[in-house]
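The structure appears right after this line, and notes come after that.
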Amino acid sequence: MNEILLKGGQIYDGTGRKPYTADLLIRGDRIAKIGRDLAVSGSAVSFNLDGLSVTPGFIDIHRHCDKEPLLPKNENRPGYGSVLLRQGITSVVTGNCGISMYPLNPDSSAADQMRSYYAPVLGDIAPFKKIVNYEAYLKDLGKVSLPVNTGSMIGMGAVRIAVKGFSDAPFTLREIRQCQEIISTALSQGALGVSIGLMYLPECWETPEELGEILKPLGRKGRILTTHIRGEGDSLVKSIEEVLKIAEIAGCRLEISHFKSCGIRNWGTTLRKAIRLIEDARSAGQDVSCDFYPYNCGSTTLMSLVPPQFVNGDIRQALQKLQTETGLREFRSLLGQTFPDWDNYAVSLGLDRVVLSAVSCEENRPLLGQNITQIARTRCQGDEAAALAELLVSENGAAAAIIQSMDAADVDTVAVLPYSLLISDAIYADTDCPHPRMFGAFPHFLHDFSVKRKLLPLSKAIAKMTKMPALRMGIQERGEIKEGYFADLNVFDPDHFCDHADYTAPLELASGLDYCFVNGKLTVRNDCVLSEENGLLLKA
């Protein structure tokens, strides 16, 4: 069995404890020994790590790269695996925000509508029509070489669409049982958990009582519920209360995804109220934590800016309505209103903070990087509602946007919470203008939050990227430097490991990673990716 000796590195073990200097012996795919002056075989390969830090491989539990491992490489841009590995990410979890490629509604029309609606997040998933359930997804992943370890959840939005399409009608008892059966089957096959996306259609029509009942298999299996809450602005506190109730009814652990406060009038105030709710629940014994990405801009579908009342359970009909004078008047009126159970970013932020980031129509490509207000001036005589409607119709609802929605001070507040952990929330719309978090979230967090601004010690920051996400998702024997654990390891100088992607140049790869090992195999050396074939499937 091959042996690799890492000599004299400063070990950040992932627990948050202070680092220590030691040698580390890799044997096969595992960490065999940790100590000083370790005995090794004559064939062992040695690396002298004086002055370098050793961490567990980073774990991104919230990335919308569901289809990416199944795609052929695109030679015109950095490969899917390279983007991850250059950041030191060795494990990812897909199926977030209620959005997954599976299950599929047997009605092809409903399935096609789902694919179109999810395209701004997952990209084009039409070529994968044979992936009808979680088992089929696992089977396809098992046929390809994975660059990093890959686990997945099942999205409740996709489950709902599979059972009742985009209807806004309440669940029947029969439909609840159907959803439970789909979820139970996926969990028994190894799904790490279930995600919900209450901001998105058609999940915005669900009640806590319905979801709590549907998600009871999670509680029985001891798996986690991750939640894109209903509102992250004016209704943030109410939305946190809602998901706490859902998890309580289901009897399951809860992860609040990309926890933040959106909307200018909410900055600095509403977040503190939401934190108190979470901490009260934790004090009362509820197993709840949250995660965040280290930027003050988000990214989502352009369709998510359309009031659910306008869609009324039928996206195609809503897009047709936008092409009529009557429909446009209704749309314009709704964009100027506030709603108790839905955040209207047109009001709370302004459409000048919504930047077009992904389109499929060639005629709209010159608009990438412009906000809706700018687009309205050049195309619709300043009429923002008409400009937004025109984009939605021409893109069949499948466009994405970067939204300047958060205050940097609020992001810092979440980052230092002892129970928060790091994610990227990278979305994979087909675009050359993604959010920079796709290429740089993990080194950006380390370099900006710990090395540069010293908001939290490096050991604590590393814990938020390693052991904490592993524990939340039930990923076994990863996320910590410990004898017997899988040898997913990063080696770098914290002063030199950093990101380069920003909003003007989002495709820049991170740099400064001396070595990365995935399952004991040397995968990156001096920023050169040596292999994209060392990952394994992760199952609960």
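Because the structure is predicted, anything quoted here is derived from the model rather than measured.
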Next on the checklist: Could you walk me through whether Arg472 and Asp287 satisfy the salt bridge (charged side-chain N to carboxylate O under 4.0 Å, His left out) test, starting with their C-alpha distance in whole Å, then the side-chain angles of each, then the deciding distance to 0.1 Å, before giving a yes or no?
Outcome noted: CA-CA 10 Å; Arg472 291 312 285 164; Asp287 189 346; 2.7 Å; yes
Next on the checklist: Checking Leu446 against Leu458 for the side chain to side chain contact (heavy atoms under 4.5 Å, CB included) test, could you report, in this order, the C-alpha distance in whole Å, the side-chain angles of both residues, the deciding distance, and whether it holds?
Outcome noted: CA-CA 7 Å; Leu446 276 187; Leu458 198 61; 3.6 Å; yes
Item to check | Stepwise salt bridge (charged side-chain N to carboxylate O under 4.0 Å, His left out) check, Glu477 with Arg30 | outcome: CA-CA 10 Å; Glu477 299 180 324; Arg30 302 277 177 158; 2.8 Å; yes
Next on the checklist: Please evaluate residues Asn96 and Ser257 with respect to the criterion side-chain hydrogen bond (donor to acceptor under 3.5 Å, both in side chains), reporting the C-alpha separation (whole Å), side-chain torsions for both, the decisive distance (0.1 Å), and the verdict.
Outcome noted: CA-CA 9 Å; Asn96 286 281; Ser257 298; 5.2 Å; no
Checklist entry - Should Ile26 and Leu489 be marked as a side chain to side chain contact (heavy atoms under 4.5 Å, CB included) after you check the CA-CA gap, both sets of side-chain angles, and the distance that decides it? => result CA-CA 10 Å; Ile26 301 171; Leu489 301 164; 3.7 Å; yes
Checklist entry - After noting the C-alpha distance and the side-chain angles of His228 and Tyr200, does the key distance pass the ring pair (Phe, Tyr, Trp, His ring centres under 6.0 Å) rule? => result CA-CA 9 Å; His228 185 140; Tyr200 295 116; 4.9 Å; yes
Next on the checklist: If you apply the rule side-chain hydrogen bond (donor to acceptor under 3.5 Å, both in side chains), what do you find for Ser145 with Glu532, and how did you get there?
Outcome noted: CA-CA 7 Å; Ser145 297; Glu532 295 192 22; over 6 Å; no
Item to check | Residue pair Val121, Tyr428: steps toward the side chain to side chain contact (heavy atoms under 4.5 Å, CB included) verdict | outcome: CA-CA 6 Å; Val121 177; Tyr428 280 77; over 6 Å; no
Item to check | Derivation of the ring pair (Phe, Tyr, Trp, His ring centres under 6.0 Å) call for Phe486 and Phe517 | outcome: CA-CA 10 Å; Phe486 286 98; Phe517 297 85; over 10 Å; no
Checklist entry - Yes or no on side chain to side chain contact (heavy atoms under 4.5 Å, CB included) for Asp410 and Leu271, after CA distance, side-chain angles and deciding distance? => result CA-CA 7 Å; Asp410 281 352; Leu271 184 71; 3.8 Å; yes
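Taking the side chain as every heavy atom from C-beta outward, Arg525 and Asp514 never approach each other to under 4.5 Å. Looking only at side-chain heavy atoms (C-beta outward), Val93 and Met153 come within less than 4.5 Å of each other. Leu70 places a side-chain heavy atom less than 4.5 Å from the side chain of Phe128. Between Ile154 and Ile182, some side-chain heavy-atom pair lies under the 4.5 Å cut-off. Taking 4.5 Å as the limit, every side-chain heavy atom of Thr185 sits out of range of all side-chain heavy atoms of Tyr134. Using a 4.5 Å heavy-atom cutoff, the side chains of Tyr80 and Leu71 are not in contact. Side-chain contact between Pro56 and Lys467: absent, with no pair of heavy atoms (C-beta onward) separated by less than 4.5 Å. Counting heavy atoms from C-beta on, the side chains of Ile34 and Tyr20 come closer than 4.5 Å.
Atom CG of Leu507 and atom CZ of Phe439 lie 4.5 Å apart (nearest 0.5 Å). For the atom pair CD of Gln189 and OG of Ser152, the computed distance is 10.5 Å after rounding to the nearest 0.5 Å.
No more than 12 heavy atoms of other residues, nucleotides or ligands lie within 6.0 Å of CG in Asn2, so this atom counts as exposed by the packing criterion. Within 6.0 Å of the CD atom in Glu533, the count of heavy atoms belonging to other residues, nucleotides or ligands does not exceed 12.
A pairwise comparison of heavy atoms in Ser100 and Gly155 identifies OG-N, 3.0 Å as the closest pair. Shown here for Leu85 and Cys516, the closest heavy-atom pair between the two residues is CD2-SG, 4.3 Å. Pairing each heavy atom of Ala415 with each of Leu456, the nearest pair is O-CD1, 4.0 Å. The shortest non-hydrogen separation linking Cys252 to Leu218 is CB-CB, 3.8 Å. Across every non-hydrogen atom of Ile275 and Tyr419, the tightest pair is CG2-OH, 3.6 Å. In terms of heavy atoms, Ala191 sits closest to Arg223 at O-NH1, 2.7 Å.
In this model, no donor atom of one side chain and acceptor atom of the other lie less than 3.5 Å apart for Asp493 and Ser53. Checked by atom type, the side-chain pair Ser420/Lys464 shows a donor-acceptor distance below 3.5 Å. In the model, Tyr12 has no side-chain atom that pairs as donor or acceptor with a side-chain atom of Arg17 under 3.5 Å. Side-chain contact annotation: Tyr102 with Glu135, donor-acceptor N/O pair under 3.5 Å absent. In this model, no donor atom of one side chain and acceptor atom of the other lie less than 3.5 Å apart for His62 and Glu255. A side-chain N or O of Asp60 and one of Ser424 form a donor-acceptor pair less than 3.5 Å apart.
Side chain of Asn519 to main chain of Asn534: a donor-acceptor pair is present (N/O by atom type, distance under 3.5 Å, no hydrogens or angles). Side-chain atoms of Ser188 never come within 3.5 Å of backbone atoms of Ala186 as a donor-acceptor pair (strictly under, hydrogens ignored). Of the possible donor and acceptor atoms, none in the side chain of Asp488 sits under 3.5 Å from a partner among the backbone N and O of Val518. Looking at Tyr137, its side chain does come within 3.5 Å of a backbone N or O of Asp66 through a donor-acceptor pair. Remark: the backbone N or O of Ser405 is paired with a side-chain donor or acceptor of Trp267 at under 3.5 angstrom. Panel note: side chain Gln286, backbone Leu244; a donor-acceptor pair is recorded below 3.5 Å. Thr270 contributes no side-chain N or O that, together with a main-chain N or O of Gly268, makes up a donor-acceptor pair within less than 3.5 Å. Side-chain atoms of Tyr515 do not come within 3.5 Å of backbone N or O of Leu522 as any donor-acceptor pair. Between the side chain of Ser304 and the backbone N or O of Thr300, no donor-acceptor pair lies under 3.5 Å. In this structure, the side chain of Lys67 engages the main chain of Leu122 through a donor-acceptor pair within 3.5 Å.
The only member of His447, Arg86, His444, Gln87 that meets side-chain hydrogen bond (donor to acceptor under 3.5 Å, both in side chains) when paired with Asp499 is His444. Of the options Thr226, Leu422, Ile61, a side chain to side chain contact (heavy atoms under 4.5 Å, CB included) to Asp291 is made by Ile61 and by none of the others.
Between Arg437 and Asp425 there is a salt bridge, since at least one side-chain N of the basic residue sits less than 4.0 Å from a carboxylate O of the acidic one. Under 4.0 Å is where a charged nitrogen must lie from a carboxylate oxygen, and between Glu203 and Arg160 no such pair does. Note on Lys482 versus Asp13: no salt bridge recorded, every NZ/NE/NH1/NH2 to OD/OE distance being 4.0 Å or above. Salt-bridge formation is not detected for the pair Glu483/Lys33: no Lys NZ or Arg NE/NH1/NH2 atom is positioned less than 4.0 Å from an Asp or Glu carboxylate oxygen.
Tyr295 has its ring centre less than 6.0 Å from the ring centre of His435. Proximity of the aromatic rings of His64 and Tyr118 is defined here by a centroid distance below 6.0 angstrom, and this criterion is not met.
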